[in-house]
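First comes the structure, then the notes that go with it.
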Amino acid sequence: MGSETALPIGVFDSGVGGLSILKALRAELPGEDFVYFADTRHAPYGERGDGYVTERSRAIFNRLIEEHGAKLMVMACNTATAAAIHLLRVDYPNLPLVGVEPALKPAVARSRTRRIGVLATRGTLQSAKFCALHDSLKGQADFVLQPCDGLAAAIEADDTEQVDALCARYTRAIGEYGSAPGQVDALVLGCTHYPFAETHLRAQVGPGVALIETGEPVARQTRRLLEAGGLLKAEGQGQVELLTTGSPASLRAAASRWLGL
Ligand code: DGL
């Protein structure tokens, strides 16, 4: 095994949301070591500007690459990917890099009514990257875009009452759910925090609506890049190191609650 192969994969988000991506990464790549960075003190990213999110993303890349030797970076945050991935690709031309974006294309493939709800942060929905994706799919489905101010923060704080209230408000704002023409039958979870509100969302939209997240495709893309670069560590049991600018105890509690770590 080459020495580079043994290096960890860096994963980051504004907070605990990226743990939903880390979960899929660990299932797909059980031999890999991960360094997960939650930028909790600077969250939420979704209600701040691109400049701020880009600056934070650069600082975190620096730290995970310089101090931890990350061999590949996963931006487990839709907002940061939308704001900064094109700039980071320029800063690190030789680094394998995976971003996340709201799963509009998989939603088109799943939806029968062709009416699709999209829950995401304001930053993601306003970004040029998202607008280009949305434009490229116009004509294939009607997308109802819903910015979800406060929802990532409520999930971050594990404030169940607030999560429930915001899930109710935002899903209702999208419209009616069901399989009849004009009804929404697929809901894109366009922020990596939202899979952790799945029970609240499911209670609002009912059993027949597809809730679409991005963990598995991101994990498969990560495997492809590792294989292409000869960087895959297939053997052994991978470890996870958790880092945060916030409370280490809260991050550990979330990782234990959601990933059994
Ligand atoms: N989890 C992030 C995303 O995927 C950002 C949430 C936030 O900090 O606003 O967009």
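When a ligand or atom number is given, it counts from 1 through the structure's own listing order.
A salt bridge links E101 with K129: at least one charged nitrogen is closer than 4.0 Å to a carboxylate oxygen. A salt bridge does not link E213 with K23: none of the charged nitrogens is closer than 4.0 Å to a carboxylate oxygen. Under a 4.0 Å N-O distance rule, the pair R114/D142 does not qualify as a salt bridge. Contact check on R112 versus D185 returns no salt bridge, with no Lys/Arg side-chain nitrogen under 4.0 Å from an Asp/Glu carboxylate oxygen.
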Report task. With ring pair (Phe, Tyr, Trp, His ring centres under 6.0 Å) as the test, would you mind laying out the steps for Y36 and F12 before giving the verdict? Result -> CA-CA 6 Å; Y36 182 87; F12 89 92; 8.9 Å; no

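Listed by chain and residue number, the protein contacts of ligand 1 are D13, S14, P44, Y45, G46, C77, N78, T79, T121, A152, C191, T192, H193 (heavy atom within 4.0 angstrom).
Within the structure, salt bridge (Lys or Arg N to Asp or Glu O under 4.0 Å) pairs that include any residue of residues 242-253 do not occur (at least two apart or interchain).
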